[in-house]
Structure formats: C-alpha cells, structure tokens
Amino acid sequence: MTLADAAIAWYDTNARDLPWRTPSTTPWGVLVSEVMLQQTPVIRVEPAWRSWMTRWPNPAALAADPASEAIRMWGRLGYPRRAMRLHACAGAIVERHGGRVPDDLDQLLALPGVGTYTARAVATFAYGQRHPVVDTNVRRVVSRAVEGKPDAGPATTTADLVAMASLLPEDVPRAARASIAFMELGAIVCTARSPKCVDCPFHDVCAWRLSGTPLPAGPSRKPQRYAGTDRQVRGLILEVLRHTTGPVPRQRLDQVWTDEIQRTRALTGLLEDGLVEPLGPDNFVLAGDTPRAEVQQLF
DNA sequence: CACTCGTGGCC
DNA sequence: TGGCCAAGAGT
C-alpha cells in the first residue's frame, strides 16, 4: 500500500464537506475558491465564496462589473490585490477563452493571480488531470512522512513538484484524488503546530514519527509582523474606501494614521497597485469607481 | 532569492 | 499577551 493509497482511503471518510468540492461546482467556482484560499483560512473563505458565486456565477458576470465591486465583495479576506487580480482574471478568461476557464496548465498560468499552485489546483480539481499540486500543506506532509524533517524549508518549487510527482499514482483519477487527499491531510491532521499523529494514515510509516517526531531546530520561517507596517496602513485606507461609494477627500484618508511619511507611502502603493485611483488632485476612489462624467472632466 | 502584500484566531 | 500560522503570487 502506497502513501497515496493510504491518503485516498483516509480522505474517503475524513474529507471536510466544503462547498467548492461538490460535483456541481464549476471550474470557475474552483478557481475562485483557490484564489480566496491563498493565505486565507477555510473558515473565513466559505461564506465569502458563497456570496461571490451567487453574485458572479461565471467569469463574464464578474468581468461586467467594475473592479471596485470585487474589492468590496472581497471584504476582509485580506490581500485585496487578489480581488483585483481575480477581476482581471475574469476579463482575461472572457477575452482569451470565450468565458470558459481554460483546462490547459500554461493557459491557466498566464492568467492574472494564477501561479504554480493555483494553475495546478484548477487543472487537477476542476478538470481531473494528473499533476503534482504542492501547497504549504503538501510540503509539510511530504517533508515529515518521506524526509523525516519536522517542517518544510523555504519553498523550492521545482524540487517540491518532483517530490510530489513521485508519489502520484499512474491512474489519472486516483492521482487527482491523491493530490487533494495530501492537502487535506496536512490541513487537518499533519498540521503545523499540533499534529494529530494518532489519527494519521501514515502513522506506521512516517519517517518523522519513526525518528521520534523531533522538534524543529528553529522557527520554520521568518516572523511576519503586521502592527505598524505599511500593510496595516494600506488596510486602514482601503477600509475607508470600501465603505464609501463617492470620492473620498485626502483629508479623510489622512485621519487613519498619524505618520504622514508612512501614510503617503501606503497610499502611493495602493495607487501603484491599481487598487485606488485619483479623482482630481485631492480625491480618491476605489479602482473602477471613477464615474464616466468625472473622467471626462479630467481631460 | 528575498521581500512585500491583510486579517483574524489560536495556544 | 503576542508570536505564529493560514490551499501563494508577483516583483
């Protein structure tokens, strides 16, 4: 019995009942879920995904609305650039692929906001293809079960893909199922902080456990600060804009943070990212909220 | 390769 | 309390 076999058998009875896993979910639904799940926990994605899919059941629907609506609907999922990229992604799908989410890996990779992981996840989970799909969960599971290391080091995409590829069954449908099974295992059993080894299907063969589950030597990755960073200030500025439909005066945005240098840097960043647009010299709107008439006045 | 980019919950 | 972590992508 291979690791993939054990993972699939475990998944068959332990998988969570997530809405984007139902057979009726479209490739678009899978794509939306994957983008939302980039660095955001499942528990917060679930309601957002339902709302999103109700409002924009296909790429054409999203592409027809301004980016500002996508940014608002994104709410507090975090990293709002993802909302903008998903909006751009919808536009690209309409223009390049007639509104259908492509099933080709390279075509998926060419879409905004779709990287190595997401392209493979969509090709595998939406279209049932056979590709190694490597996220942080899979890297941790493979690192422990196969290599005996307590945690995966920094992501090394090519090596990670090769490692996972060697574990995939030849049978295509089973390969796809093995991929989601490895991810699920890392998400709910082989977790970063308190792994539940007694529940693990790899219990008797895991290299890490057989060597006594040694603790990590140091922090598994660089600590991420938030308080006082530009990210926090950007978040505060965007928070104001999300809740306003009309132009927001610079003076209003000045109230979110006292340090002018940092405030300016944050706003400049948002403008460079295209999340925010200037409306005249001293007003700002969410990207895409620019009224047509006002645009005319600028020229 | 190293760094940036939100937000919230948990131990 | 606060560091740590969460289905990454882009530069």
Side-chain angles (χ1 to χ4, degrees), chain A residues 11 15-16 18-21 29-49 71 74-86 88-89 108-126 131-141 151-161 164 179-188 190-195 215-216 218-239 241-242 256 262 265-266 268-270 272-276:
Chain A
Y11 183 82
R16 290 168 294 181
L18 301 174
W20 47 85
R21 287 181 179 168
V30 173
L31 173 55
V32 171
S33 77
E34 293 301 342
V35 174
M36 287 184 169
L37 287 163
Q38 292 168 4
Q39 300 285 282
T40 300
V42 166
I43 185 64
R44 276 197 283 152
V45 165
E46 204 167 332
W49 183 86
I71 296 167
W74 196 255
R76 303 186 67 80
L77 287 181
Y79 293 147
R81 292 191 295 191
R82 289 182 294 159
M84 202 182 48
R85 289 183 187 141
L86 188 50
C89 181
L108 285 165
L109 261 178
L111 297 170
V114 176
T116 304
Y117 163 76
T118 303
R120 290 165 173 279
V122 171
T124 301
F125 306 144
H131 302 286
V133 182
V134 178
D135 72 333
T136 185
N137 291 307
V138 172
R139 288 200 305 119
R140 186 175 52 250
V141 171
D151 277 303
T156 53
T157 307
T158 303
D160 292 338
L161 289 175
M164 187 59 211
S179 291
I180 191 66
F182 267 75
M183 286 180 58
E184 190 75 344
L185 200 50
I188 66 183
C190 194
T191 57
R193 273 177 287 193
S194 50
L215 295 174
S220 52
R221 63 180 175 185
K222 187 176 307 179
Q224 46 176 177
R225 298 180 307 279
Y226 180 62
T229 63
D230 288 359
R231 294 217 305 289
Q232 184 183 17
V233 182
R234 286 167 57 109
L236 292 169
I237 292 173
L238 215 54
E239 172 78 18
L241 289 163
R242 272 203 304 265
V256 307
Q262 196 173 16
R265 200 167 57 224
T268 300
L270 288 169
E272 286 172 352
D273 286 349
L275 280 161
V276 176

C:dA7 to B:dA2 separation - P atoms, rounded to the nearest Å: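 After rounding to an integer number of Å, I get 23 Å for this pair.
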
If you measure from the C1' atom in B:dG6 to the same atom in C:dC4, how many Å do you get, rounded?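 B:dG6 and C:dC4 have their C1' atoms separated by 16 Å.
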
When all nucleic acid strands are considered with a 4.0 Å heavy-atom cut-off, which category describes [X]: base, sugar-phosphate, or nothing?
X	answer
A:Trp20	base
A:Ile188	nothing
A:Arg140	sugar-phosphate

Among residues two or more places apart or on two chains, list those pairs meeting salt bridge (Lys or Arg N to Asp or Glu O under 4.0 Å) that have a residue in residues 226-238 of chain A.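 Non-adjacent pairs meeting salt bridge (Lys or Arg N to Asp or Glu O under 4.0 Å): A:Asp230-A:Arg265, A:Arg234-A:Asp273.
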
Not counting sequence neighbours, which residues clear side chain to side chain contact (heavy atoms under 4.5 Å, CB included) with A:Ala88? List them please.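 A:Pro112.
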
For A:Pro19, enumerate each residue passing the side chain to side chain contact (heavy atoms under 4.5 Å, CB included) test, keeping only those at least two apart in sequence or located in another chain.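 With neighbours one apart ignored, the set is A:Glu46, A:Trp49, A:Arg50.
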
Rounded to whole angstroms, how far apart are [atom1] on [X] and [atom2] on [N]?
X	N	atom1	atom2	answer
A:Leu37	C:dA7	CG	P	8 Å
A:Arg16	C:dA7	CZ	P	8 Å
A:Glu184	C:dA6	CD	C1'	14 Å
A:Glu272	C:dG10	CD	C1'	14 Å

Would a distance-only check, ignoring hydrogens and angles, find a side-chain to backbone donor-acceptor pair under 3.5 Å from A:Thr124 to A:Ala121?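 Not a single qualifying donor-acceptor pair exists.
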
Could you write nucleotides 4-11 of chain B as a row of B, S and -, 5' to 3', where a protein heavy atom under 4.0 Å of any base atom gives B, of only sugar-phosphate atoms gives S, and otherwise -? BBBBSBB-

Any residue meeting side chain to side chain donor-acceptor pair (under 3.5 Å) with [X], in chain and number order, not counting sequence neighbours:
X	answer
A:Gln38	A:Thr118
A:Tyr117	A:Glu34
A:Arg81	none

Going by atom types only, do A:Thr40 and A:Arg82 share a side-chain donor-acceptor pair under 3.5 Å?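 Note: A:Thr40 and A:Arg82 side chains meet the donor-acceptor criterion.
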
Heavy atoms within less than 4.0 Å of DNA chain B: which residues of residues 108-121 of chain A have one? Give them sorted by number.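 Under 4.0 Å from DNA chain B: no residue of residues 108-121 of chain A.
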
Between A:Arg85 and A:Arg21, which is nearer to the 5' end of DNA chain C once each is assigned its nearest nucleotide?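 This one resolves to A:Arg21.
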
Salt bridge (Lys or Arg N to Asp or Glu O under 4.0 Å) with A:Arg44: which residues, sequence neighbours excluded?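 So A:Arg44 forms no salt bridge (Lys or Arg N to Asp or Glu O under 4.0 Å) with any residue.
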
